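The block underneath contains the structure these notes are about, expressed in structure tokens.
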There are 2 protein chains.
Amino acid sequence: MNQQAINILKTHQLSITVSRSSVLTLFLKSKKALSYTTIEHKFSDKFDRVTMYRTLTLFIEKGIIHTIPTSDNTTLYALCKNECTEGHHHDEHVHFICDDCGTTTCLSETNIPKIKLPKGYTAAEIQMVVKGVCERCI
Amino acid sequence: MNQQAINILKTHQLSITVSRSSVLTLFLKSKKALSYTTIEHKFSDKFDRVTMYRTLTLFIEKGIIHTIPTSDNTTLYALCKNECTEGHHHDEHVHFICDDCGTTTCLSETNIPKIKLPKGYTAAEIQMVVKGVCERCI
DNA sequence: GTAACTGCAAAATATTTGCATCCTT
DNA sequence: AAGGATGCAAATATTTTGCAGTTAC
């Protein structure tokens, strides 16, 4: 089992199981956002669909991964950065979805600019998704 | 039937039917984003679920409505502004989701700021969703 | 050993498709 | 009248729940 994955699980006081560390390792390796279908297919021979759902739900609750909103109504999951704590996501970077290869990347270095909201509105969380062509598909 | 709804349908060369104008009227009246469930419940006694799905899909194709990405994996639909044309959405404003009342509003006056992407990335479409407290829930 | 995790079966929910009928143009 | 739109039935896909067996600690 991947040591980094184990550490993350320990940090969040979760028991170390094969399915959890496998899913986490996949995220750590791929370094991009993954759809539920991708994850499920990757492990369909090893774990049950239900376990996948429960694992992902748990990771979201614990602030280990977060969902990325996409306009085409698919759910994408990506690793949170360390600042995420349980129940409160700080995900202040831009997500990029490539129209060509379909890959979603967290542009960790690209911060979301501050914006001025109309009078009366208070922001708690901002998400920004850019679609276009990524560096690998130019 | 609402005349404004009829005009929109005509503009997009769609035949005028009760279900289409009803759905469109709902959007015109509510002036906020609506979930599929909301729309379906509103008309469950009048139209079939299937008709709702087909109507919404058609409106999206024609550039009449667009989907709003949300982090909690629900799909929201909102009216496009006039600049939207078939197959190509220009939806360069910010969407605001109120954590209190759950309402999603299109902040038409708040434009999405230009951002600098990493080398190699080209943007075609940008979406920005802000969560927080809206003017009605302060 | 015990509490938590997993797998299986099945329920509940959401979405899509085919086809006969009805409505718009 | 003709083509498109709708409703119904049913197929398919997605997500959730209950419970018994298994595993981590």
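All values derive from a computational prediction rather than experimental measurement. All chains are named by letter (A, B, ...) in the order of the sequence lines, taking the proteins before the strands, and each is independently numbered beginning at 1. Scope of the values below: all heavy atoms of this structure, side chains included, with no hydrogens, waters or symmetry mates.
Between the OH atom of B:Tyr53 and the C1' atom of D:dC8 there is a distance of 16 Å, given to the nearest Å. Following rounding to the nearest Å, B:Glu61 (CD) and D:dA5 (P) show an atom-to-atom distance of 11 Å. To the nearest angstrom, P of C:dT6 lies 10 Å from CG of A:Leu14. In this structure, CG of A:Asp48 is placed 14 Å from P of C:dA10, rounded to the nearest angstrom. One interatomic measurement links the two molecules: NE2 of A:His12 to C1' of C:dA4, which rounds to 19 Å at whole-angstrom precision. Regarding A:Met1, its CE atom lies at a distance of 11 Å from the C1' atom of D:dT23, rounded to whole Å. One atom, CG of B:Leu56, and another, C1' of C:dT16, lie 14 Å apart when rounded to the nearest Å. Taking atom CZ of A:Phe47 as the reference point, atom P of D:dT22 lies 17 Å away to the nearest angstrom.
Using a 4.5 Å cut-off on side-chain heavy atoms (C-beta onward), A:Val130 and B:Leu117 make contact.
One distance of note links NZ of A:Lys62 with NE2 of A:His12; it measures 9.0 Å at 0.5 Å rounding. Atom CD1 of residue B:Ile126 and atom CD1 of residue B:Ile115 lie 5.0 Å apart, to the nearest 0.5 angstrom. To the nearest 0.5 Å, atoms CD1 (A:Ile8) and CG (A:Leu14) are separated by 10.5 Å.
Of the candidates A:Phe43, A:Tyr77, A:Tyr53, A:Tyr53 is the only one forming a ring pair (Phe, Tyr, Trp, His ring centres under 6.0 Å) with A:Tyr36.
On a pure distance criterion of 3.5 Å, no polar donor-acceptor pair joins the side chain of B:Arg54 and the base of D:dG4.
Between C:dG7 and A:Thr51, a contact under 4.0 Å exists linking OP1 or OP2 to a side-chain N or O. Regarding contacts with the backbone of D:dG4, every side-chain N or O of B:Ser15 stays at 4.0 angstrom or more from both OP1 and OP2. Between D:dT6 and B:Ser19, a contact under 4.0 Å exists linking OP1 or OP2 to a side-chain N or O. Distances shorter than 4.0 Å separate some side-chain N or O of B:Arg20 from OP1 or OP2 on D:dA5.
B:Gln13 CD: 12 or fewer foreign heavy atoms inside a 6.0 Å radius.
Using a 4.0 Å heavy-atom cutoff across all strands shown, B:Lys10 reaches no nucleic acid atom at all.
Annotation: of the two residues near DNA chain C, A:Arg49 and B:Thr17, the 5′-most nearest-nucleotide partner is A:Arg49.
Listed nucleotides: D:dC25, D:dA9, C:dC8. Nearest to the side chain of B:Val50: D:dA9.
The end-to-end axis angle of the helix from C:dG1-D:dC25 to C:dT25-D:dA1, rounded to 10 degrees and based on five pairs per end, is 40°.
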Exercise. Would you sort out whether A:Thr38 and A:Ser35 count as a side-chain hydrogen bond (donor to acceptor under 3.5 Å, both in side chains), showing the intermediate values?
Key: CA-CA 5 Å; A:Thr38 306; A:Ser35 68; 2.7 Å; yes

